Undergrad: 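Got a structure here, written out as structure tokens. Questions coming.
Atoms considered below: every heavy atom in the structure, side chains included; atoms not considered: hydrogens, waters and symmetry mates. For clarity, every value in this text was computed on a predicted model and none was experimentally measured.
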Amino acid sequence: MITDSYGYRSQARRPGTYLALGVAMMVVYLCITLDMGQLLVALALVYLALVLRRLWLNPVKGFRLGRGWVEIYRPRGVECINFADVASVTVCRTNKGQTACFLNMETGDVLPLPGAEKLEFEKLIGEFGLRGVRVLV
């Protein structure tokens, strides 16, 4: 049975990053309140700026399989590819035992699927197979 969507997506806006924001704000407040010196205040502000930058840019990584397409999430945006444009998919394991997946396009291009290392090898092969895409192992 085919699921509506399958994939993995990671982004910067998650609980851990908001916790880091809270810690950064608390450190800045304590440095100013306790008069810890200009250098410590400056370092705390740099830390706060880095966390805020990460939340603002919100880098995204991953992909999602639909019924007839795959969405690839990259930091610069989302790319949607129809399975009709895909000749085959190569699913393999890396030297570290993680899953790697590549889309072999009809044009000859090879596109890596970011986030495939977080998914199970057999499950990923099965999901592409259910969608009628030729899988090379």
Undergrad: Taking all atoms of both residues into account, what is the closest heavy-atom pair of N58 and A12, and its distance?
TA: OD1-N, 3.1 Å
Undergrad: Using the rule that two of Ile, Leu, Val, Met, Phe, Trp, Tyr join whenever any of their side-chain heavy atoms come within less than 4.5 Å, decide whether L30 and L40 are in one cluster.
TA: yes
Undergrad: Hydrophobic cluster membership, with links at side-chain heavy-atom distances under 4.5 Å among I/L/V/M/F/W/Y: are L34 and Y29 in one?
TA: yes
Undergrad: Going by the rule side-chain contact (heavy atoms from CB on, under 4.5 Å), which residues pair with A42 if we only count those two or more places apart in sequence or in a different chain?
TA: none
Undergrad: Would L111 and L65 show up in the same hydrophobic cluster when neighbours are defined by side-chain heavy atoms closer than 4.5 Å?
TA: yes
Undergrad: Determine which pairs satisfy salt bridge (charged side-chain N to carboxylate O under 4.0 Å, His left out) with at least one residue from residues 88-98, sequence neighbours left out, and list them in order.
TA: R93-E122
Undergrad: Sequence neighbours excluded, which residues qualify as side-chain hydrogen bond (donor to acceptor under 3.5 Å, both in side chains) partners of D85?
TA: none
Undergrad: State the CG-OG1 distance between L55 and T17, to the nearest 0.5 angstrom.
TA: 5.5 Å
Undergrad: Check this for me: E106, atom CD, are more than 12 non-hydrogen atoms of other residues, nucleotides or ligands nearer than 6.0 Å?
TA: yes
Undergrad: So if I apply the side-chain contact (heavy atoms from CB on, under 4.5 Å) rule between Y47 and each of V51, L45, L43, which one comes out positive?
TA: V51
Undergrad: Has R54 got a side-chain atom pairing as donor or acceptor with L50's backbone, closer than 3.5 angstrom?
TA: no
Undergrad: Under the rule for side-chain hydrogen bond (donor to acceptor under 3.5 Å, both in side chains), what residues qualify as partners of T33, not counting sequence neighbours?
TA: none
Undergrad: If every non-hydrogen atom of A116 is compared with every non-hydrogen atom of L124, which pair is closest and at what distance?
TA: CB-CD2, 4.2 Å
Undergrad: Measure the CD-CD1 distance between E71 and I81 for me, rounded to the nearest 0.5 Å.
TA: 10.5 Å
Undergrad: Are Y18 and L48 connected in a single hydrophobic cluster, I mean Ile/Leu/Val/Met/Phe/Trp/Tyr linked by side-chain heavy atoms less than 4.5 Å apart?
TA: yes
Undergrad: With sequence neighbours excluded, what pairs up with K61 under the side-chain hydrogen bond (donor to acceptor under 3.5 Å, both in side chains) test?
TA: E117
Undergrad: Determine the minimum heavy-atom distance between V135 and G129, stating which atoms define it.
TA: CG2-N, 4.1 Å
Undergrad: Do you know which two heavy atoms are closest between V137 and F121, and how far apart they sit?
TA: CG1-CZ, 3.7 Å
Undergrad: Can you list everything that forms a side-chain hydrogen bond (donor to acceptor under 3.5 Å, both in side chains) with R13? Sequence neighbours excluded, please.
TA: none
Undergrad: Any idea which heavy atoms bring P114 and I72 closest together, and the distance?
TA: CD-CG2, 3.7 Å
Undergrad: Is there a path of hydrophobic side-chain contacts, each under 4.5 Å between heavy atoms of I, L, V, M, F, W or Y residues, that connects V41 with M25?
TA: yes
Undergrad: So do the side chains of M105 and V110 get within less than 4.5 Å of each other, counting heavy atoms only?
TA: no
Undergrad: Between atom CG of L52 and atom CG of L57, what is the distance when rounded to the nearest 0.5 Å?
TA: 11.0 Å
Undergrad: If I take atom OH from residue Y6 and atom CG from residue L130, how far apart are they, to the nearest 0.5 angstrom?
TA: 11.0 Å
Undergrad: Can you tell me how far apart CD1 (I125) and CG (L136) are? Round to the nearest 0.5 Å.
TA: 10.0 Å
Undergrad: Rounded to the nearest 0.5 Å, what separation is found between the CZ atom of F83 and the CZ atom of R67?
TA: 11.5 Å
Undergrad: Do L103 and F128 come close enough that some side-chain heavy atom pair is under 4.5 Å?
TA: yes
Undergrad: Looking at every non-hydrogen atom in both residues, tell me the closest pair between F63 and G115 and how far apart they are.
TA: CE2-C, 4.3 Å
Undergrad: Take atom CZ in R9; do more than 12 heavy atoms of anything else shown fall under 6.0 Å from it?
TA: yes
